[in-house]
2 protein chains.
Amino acid sequence: MTEFNNFFKSAFSVDNVIFGFDEGDLKVLLINRGAEPYKGMWALPGDLVYPNEDLDSAAGRVLEELTGLRDVYLEQVNAFGAVNRHPLGRVITVAYYSLIKISNYVVTPASFAQQAKWHSLGEVNTLAFDHNEILNACYQRLKQRVRTRPVGFELLPPKFTLTELQHLYEAILETGLDKRNFRKKILSMNLLVDLDETQEGVAHRPAKLYQFAQERYEKLVREGFSFELKESKRKPSSPLPA
Amino acid sequence: MTEFNNFFKSAFSVDNVIFGFDEGDLKVLLINRGAEPYKGMWALPGDLVYPNEDLDSAAGRVLEELTGLRDVYLEQVNAFGAVNRHPLGRVITVAYYSLIKISNYVVTPASFAQQAKWHSLGEVNTLAFDHNEILNACYQRLKQRVRTRPVGFELLPPKFTLTELQHLYEAILETGLDKRNFRKKILSMNLLVDLDETQEGVAHRPAKLYQFAQERYEKLVREGFSFELKESKRKPSSPLPA
DNA sequence: TGGGGTTCATGTAAATAACACGCAAAGTCC
DNA sequence: GGACTTTGCGTGTTATTTACATGAACCCCA
């Protein structure tokens with residue numbers, strides 16, 4: 001057993017890629033590290049896992065400490081365990097991503113951060129540790145999920161317009177979609193409830209508001225669906241912000 | 001840093017779900033544990049990760065010790081870290097699955113096993129640790145992969161018939177497929193090379209042999225494809241072995 | 001109060017992909 | 001050489017996906 005105990009010299013952490021959606025693009029919540037190593041650099045929020053804590057709980061805790069949110073969509077993606085990924089010892093990390101409604105709350109930097117801030121996915125620079133790699137893996141996973149589960153909705157406010165929903169898909173999939181085909185497809189899934197309300201205060205014809213049908217939503221999350229739409233030939237999504 | 005070091009009391013392992021395909025059904029390679037805990041029970045092959053070893057390397061090592069094979073399809077699935085999943089301490093495990101050509105080699109039980117043996121997926125009973133859960137997660141992942149990457153081929157011998165290929169898909173997807181549609185679809189992918197050879201010694205019309213086109217294969221592994229065929233109405237796969 | 005600006009909402013025809021289906025040919029076995 | 005088994009193809013039918021344009025609703029401002 002002595003030999004066995006030699007192995008118990010490592011630790012593990014969770015890192016959480018927190019996605020939000022705002023102003024038409026996809027964002028990640030990053031923290032500015034308040035402690036060494038990598039002090040002052042941007043990083044994914046994460047923490048060592050407590051001895052009596054499950055991985056999922058740890059990921060949920062990190063999220064809650066930072067945002068105050070519970071009961072949020074949270075999915076484990078992968079473990080990262082390169083030998084030297086952490087300068088202070090052998091630490092493997094388990095990556096999670098979560099989807100939150102960005103408008104729902106105020107970010108309160110946790111103890112381990114000086115600052116927490118949303119970054120557009122396209123504007124993320126070099127992060128601490130191997131966090132760029134982790135971020136990328138989580139983003140790829142999200143991209144894939146969006147095509148087979150209706151998880152996109154987790155990112156939207158309770159009431160939304162079809163155009164907002166389309167912009168969300170376009171941002172995640174990095175593509176442009178045909179409006180009519182998008183609507184036809186999404187409406188045919190019986191996933192949306194027409195609220196008989198419209199936007200107010202917009203300087204143009206107001207759009208109808210929808211919410212998603214909870215039961216149907218859960219069914220589709222469980223069973224999966226297939227959302228495949230070809231990139232629109234006519235209106236490729238602009239690579240530049242307006 | 002003292003506090004930090006309190007965390008370094010845990011270990012991590014890899015467990016490897018090794019899939020093979022033979023006699024028309026999907027198999028997993030299990031070991032009979034030669035040491036406590038769970039001595040004598042069937043389990044997934046796995047091992048603690050050495051202090052200077054990457055996760056992927058560890059998974060590859062486990063596989064090689066058991067089968068002698070290198071350069072095999074290997075994919076990480078998930079980490080499992082329930083607090084009490086290991087009776088001797090906090091050990092989280094990272095699950096991998098690999099796909100091998102079952103006929104290629106002889107199983108040689110590694111040091112940690114008394115015995116290694118192929119089990120049909122349907123005949124797996126209670127395993128050590130949380131290995132049933134892990135096995136299931138890996139199987140689900142494989143099922144999903146098969147629909148978007150041509151990984152199925154990793155399980156077949158270098159030369160195979162279309163019928164064998166179809167049986168493989170049916171076994172993994174647990175479904176029955178229409179022969180003609182299956183052929184049409186798979187041939188239209190330009191993935192197969194007709195070897196101009198036929199089976200020998202079979203008591204019926206011999207089938208043509210194919211191999212898969214390496215380049216095209218790699219391209220499709222990278223880019224993905226979509227293999228969706230509806231379950232055949234006429235010949236649902238029999239739930240019972242012949 | 002009406003004209004300009006902007007976004008919303010919608011339907012159809014053409015092309016493509018998926019589906020169900022049956023029969024002749026190529027071998028082995030006896 | 002006749003019976004048996006499995007292979008290997010092609011086609012009509014149906015469902016899905018694609019491309020595409022115009023009038024309607026609302027705000028703002030002159």
Side-chain angles (χ1 to χ4, degrees), chain A residues 23-24 147-148 156 159-170 173 175-210 224-238 242, chain B residues 23-24 147-148 156 159-170 173 175-210 224-238 242:
Chain A
E23 294 166 16
R147 283 187 275 116
T148 55
L156 289 176
K159 301 177 181 186
F160 52 86
T161 69
L162 289 180
T163 303
E164 284 166 356
L165 183 58
Q166 180 176 347
H167 287 336
L168 170 63
Y169 272 84
E170 290 176 337
L173 298 174
T175 186
L177 298 170
D178 179 87
K179 182 153 110 173
R180 277 179 295 189
N181 292 337
F182 178 83
R183 282 160 187 246
K184 220 182 312 176
K185 182 121 192 172
I186 209 86
L187 288 173
S188 74
M189 289 174 182
N190 289 325
L191 189 51
L192 299 186
V193 181
D194 184 338
L195 287 171
D196 278 318
E197 293 178 60
T198 53
Q199 283 179 308
E200 287 177 20
V202 288
H204 55 75
R205 174 174 176 180
K208 283 203 234 177
L209 293 173
Y210 292 84
F225 63 53
S226 171
F227 184 90
E228 298 291 349
L229 269 184
K230 214 181 198 171
E231 177 159 4
S232 146
K233 296 286 153 54
R234 303 173 65 68
K235 303 187 179 175
S237 69
S238 148
Chain B
E23 295 166 13
R147 282 186 275 116
T148 54
L156 289 177
K159 301 177 182 186
F160 51 86
T161 69
L162 290 180
T163 304
E164 283 165 358
L165 183 58
Q166 181 176 344
H167 287 337
L168 170 62
Y169 272 84
E170 289 176 337
L173 298 174
T175 184
L177 299 170
D178 180 88
K179 182 154 104 172
R180 283 162 294 194
N181 293 335
F182 178 82
R183 284 162 188 246
K184 220 180 315 176
K185 182 120 192 174
I186 210 87
L187 288 173
S188 75
M189 288 174 182
N190 288 327
L191 190 50
L192 298 185
V193 181
D194 184 338
L195 288 172
D196 276 320
E197 292 179 61
T198 52
Q199 284 180 308
E200 287 177 20
V202 288
H204 54 75
R205 175 174 177 181
K208 283 203 232 177
L209 292 173
Y210 292 85
F225 66 76
S226 172
F227 184 90
E228 298 290 350
L229 268 183
K230 215 182 199 170
E231 177 159 1
S232 147
K233 295 288 154 52
R234 305 174 63 69
K235 302 186 178 175
S237 69
S238 145

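Reminder, nothing fancy here: chain letters follow the sequence lines and each chain counts from 1.
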Separation of [N] [atom2] from [X] [atom1] (nearest whole Å):
X: A:Glu200; N: D:dC26; atom1: CD; atom2: C1'; result: 12 Å
X: A:Glu231; N: D:dA19; atom1: CD; atom2: P; result: 10 Å
X: B:Asp194; N: D:dT7; atom1: CG; atom2: C1'; result: 13 Å
X: B:Lys230; N: C:dA17; atom1: NZ; atom2: P; result: 18 Å
X: B:Leu165; N: D:dT7; atom1: CG; atom2: P; result: 13 Å
X: B:Leu229; N: C:dA17; atom1: CG; atom2: P; result: 14 Å
X: B:Phe227; N: C:dA18; atom1: CZ; atom2: C1'; result: 12 Å
X: B:Glu228; N: D:dT16; atom1: CD; atom2: C1'; result: 14 Å

Go through it in stages, so that I can follow the logic: the residues are A:Tyr210 and A:Leu187, the test is side chain to side chain contact (heavy atoms under 4.5 Å, CB included), and I'd like the CA-CA distance, side-chain angles, deciding distance and then a yes or no. CA-CA 11 Å; A:Tyr210 292 84; A:Leu187 288 173; 4.2 Å; yes
Enter the inter-axis angle for the ends of the helix from C:dT1-D:dA30 to C:dC30-D:dG1 (five pairs per end, rounded to 10°). 10°
Under 4.5 Å between any side-chain heavy atoms of [X] and [Y], yes or no?
X: A:Leu191; Y: A:Ile186; result: no
X: B:Leu173; Y: B:Glu231; result: no
X: B:Phe160; Y: B:Leu192; result: yes

Classify the ring geometry of A:Phe227 against A:Tyr169: parallel below 30°, tilted from 30° to 60°, perpendicular beyond 60°. tilted
Identify, with sequence neighbours excluded, every residue that meets salt bridge (Lys or Arg N to Asp or Glu O under 4.0 Å) alongside A:Lys159. A:Glu197
For a quick check, with a 4.0 angstrom heavy-atom cut-off, what is the B/S/- contact string for nucleotides 3-11 of chain C, read 5' to 3'? --BBBBBBB
Sequence neighbours excluded, which residues qualify as side chain to side chain donor-acceptor pair (under 3.5 Å) partners of [X]?
X: B:Lys185; value: none
X: A:Arg183; value: A:Thr163
X: B:Asp194; value: B:Lys208

